[in-house]
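Keep in mind that this is a model prediction, so the values were computed, not measured.
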Amino acid sequence: MPQDSRTVIAIDGPSGSGKSSTSKGVASRLGLAYLDTGAMYRAAAWLVRERGTDPQDRAAVAELVDGAELAISTSPTQPQIRIEGHDVTEAIRDPEISATVSNVATNQDVRRSLIARQRAIIAASPTGIVVEGRDITTVVAPDADLRILLVADPQARVTRRHAELGDRVDEAAVTDQVLRRDRDDSTVAAFTEAAEGVTVVDSTHLDLPQVIATICRLATEGPTSTAEPTTQEQP
């Protein structure tokens, strides 16, 4: 992949696959910006709760989100997101938001609004960007220079998410959130199987530095430059 031009790396995957930590690590190592599209949906869900809007009223939710002032940092080391003047960087990681975000993320009008914002952020990045989410490789940035589907087996994903949340939620609740959100979100975004030209990286038995190194190698040498048992390119 050319290193003297703008580089866009798209990373999709299910909950707990390590998308965020991996994407931030790749962006930092390659000197690129970073966009967490999931944080944008979480911020929208926070606003819906804050305003007392019925999440089942899809038209009202879409109108609220479409008109909201939303700003998100693209620094891989200093994440921040604000909506309607509120810094919600920490608040959107609350388990209550995790439990309800799919109600907002599966709203097609909300998706159209946020996808337009995401594409604008990608276009405005001068040197390049790592973008992670559910439908980045297929919808948001299908022409990205490198497209990755990061996967892991369900138990590994639940264990990782439980470690992130700690004592705030028990393992049964984490299992429900991870697997149910994947099931719900898969109705509007294709992230369970790789699209054509997307490289699969299985992080089940890899630590974070190994996953970052694998994707950085793919970014600099190309998806077909070497074959490792942890990666698989789809035909």
Side-chain angles (χ1 to χ4, degrees), residues 8-27 32-49 55 61 65 68 70-76 78-83 87-108 110-122 125 129-141 144 147-152 157-158 160-162 164-165 169 174 177-192 203 208 211 215:
V8 177
I9 299 175
I11 300 179
D12 285 334
S15 300
S17 58
K19 296 188 304 295
S20 295
S21 297
T22 295
S23 298
K24 285 185 281 190
V26 171
L32 303 176
Y34 161 71
L35 177 60
D36 177 0
T37 64
M40 298 174 74
Y41 288 102
R42 286 174 171 270
W46 180 92
L47 185 62
V48 169
R49 288 177 59 88
V61 168
V65 175
L70 177 63
I72 185 168
S73 165
T74 57
S75 166
Q78 296 179 310
Q80 183 183 57
I81 185 163
R82 301 179 65 86
I83 191 164
D87 184 339
V88 295
T89 308
E90 298 298 328
I92 63 172
R93 303 302 171 184
D94 189 280
E96 290 185 354
I97 299 298
S98 299
T100 61
V101 64
S102 283
N103 286 328
V104 175
T106 54
N107 185 317
Q108 291 288 8
V110 168
R111 297 191 74 83
R112 278 189 284 271
S113 176
L114 293 186
I115 286 169
R117 298 187 194 216
Q118 292 157 13
R119 287 173 173 164
I121 293 170
I122 294 169
S125 178
I129 191 166
V130 179
V131 190
E132 56 109 335
R134 301 287 210 183
D135 56 0
I136 313 306
T137 64
T138 55
V139 176
V140 178
R147 296 184 296 155
I148 297 290
L149 179 62
L150 185 61
V151 300
R157 294 191 286 113
V158 169
R160 290 170 184 171
R161 184 54 53 85
H162 192 210
E164 290 174 5
L165 295 173
V169 62
V174 174
Q177 287 180 15
V178 168
L179 302 185
R180 177 176 47 78
R181 186 177 176 201
D182 285 350
R183 184 188 66 241
D184 292 346
D185 288 2
S186 67
T187 64
V188 294
F191 59 89
T192 57
S203 67
L208 179 59
V211 179
I215 295 177

Run the side chain to side chain contact (heavy atoms under 4.5 Å, CB included) check on I122 and V8 step by step: do they pass? CA-CA 8 Å; I122 294 169; V8 177; 4.1 Å; yes
Which residues pass the side chain to side chain donor-acceptor pair (under 3.5 Å) test with R49, not counting sequence neighbours? E96
Sub-4.5 Å side-chain heavy-atom contact between Q118 and I115: yes
Non-hydrogen side-chain atoms of L114 and L70 separated by less than 4.5 Å: yes
Under 3.5 Å donor-acceptor, D87 side chain and R82 backbone: no
For a side chain to side chain contact (heavy atoms under 4.5 Å, CB included) check, start with the C-alpha distance between D36 and I81, then their side-chain angles and the critical distance, and finish with the verdict. CA-CA 10 Å; D36 177 0; I81 185 163; over 6 Å; no
Could you tell me if the side chain of S17 sits less than 4.5 Å from the side chain of V151, heavy atoms only? no
Nearest heavy-atom neighbours spanning A43 and V88: CB-CG2, 4.1 Å
R119: partners by salt bridge (Lys or Arg N to Asp or Glu O under 4.0 Å), with sequence neighbours left out: none
Result for side-chain contact (heavy atoms from CB on, under 4.5 Å) between V130 and one of T74, T22, I9, I136 points to I9
Quick one: does S203's side chain have a donor or acceptor within less than 3.5 Å of a partner on A152's backbone? no
Are any of the side-chain heavy atoms of L47 and V104 separated by less than 4.5 Å? no
Compare all side-chain heavy atoms of Y34 with those of S20 and state whether any distance is below 4.5 angstrom. yes
Kindly indicate whether the side chain of R134, heavy atoms from C-beta on, has any atom under 4.5 Å from the side chain of P14. yes
Any side-chain heavy-atom pair of T137 and L149 under 4.5 Å: no
For residues A33 and S125, report the shortest heavy-atom separation together with the two atoms involved. CB-OG, 3.8 Å
Using the test side chain to side chain donor-acceptor pair (under 3.5 Å), find all partners of S113 that sit at least two apart in sequence or belong to another chain. D66
Decide yes or no on side chain to side chain contact (heavy atoms under 4.5 Å, CB included) for Y41 and I92, but give the supporting numbers first. CA-CA 9 Å; Y41 288 102; I92 63 172; over 6 Å; no
Donor-acceptor pair, side chain of K24 and main chain of P76, under 3.5 angstrom: no
Smallest heavy-atom separation, R93 atom then S98 atom, equals O-OG, 4.4 Å
Using a distance-only test with no angle check, is there a side-chain donor-acceptor pair under 3.5 angstrom linking T37 and E132? no
Under a 4.0 Å N-O cut-off, is there an ion pair linking R111 with D135? yes
Is any side-chain heavy atom of I72 less than 4.5 Å from a side-chain heavy atom of M40? yes
Quick one, I148 with I215, criterion side chain to side chain contact (heavy atoms under 4.5 Å, CB included). Give me CA distance, side-chain angles, the key distance, then yes/no. CA-CA 8 Å; I148 297 290; I215 295 177; 4.2 Å; yes
Can you name the nearest heavy-atom pair linking S75 to S73, along with the distance? N-OG, 3.0 Å
The reported gap from OG1 in T100 to CZ in R42 (rounded to nearest 0.5 angstrom) is 9.0 Å
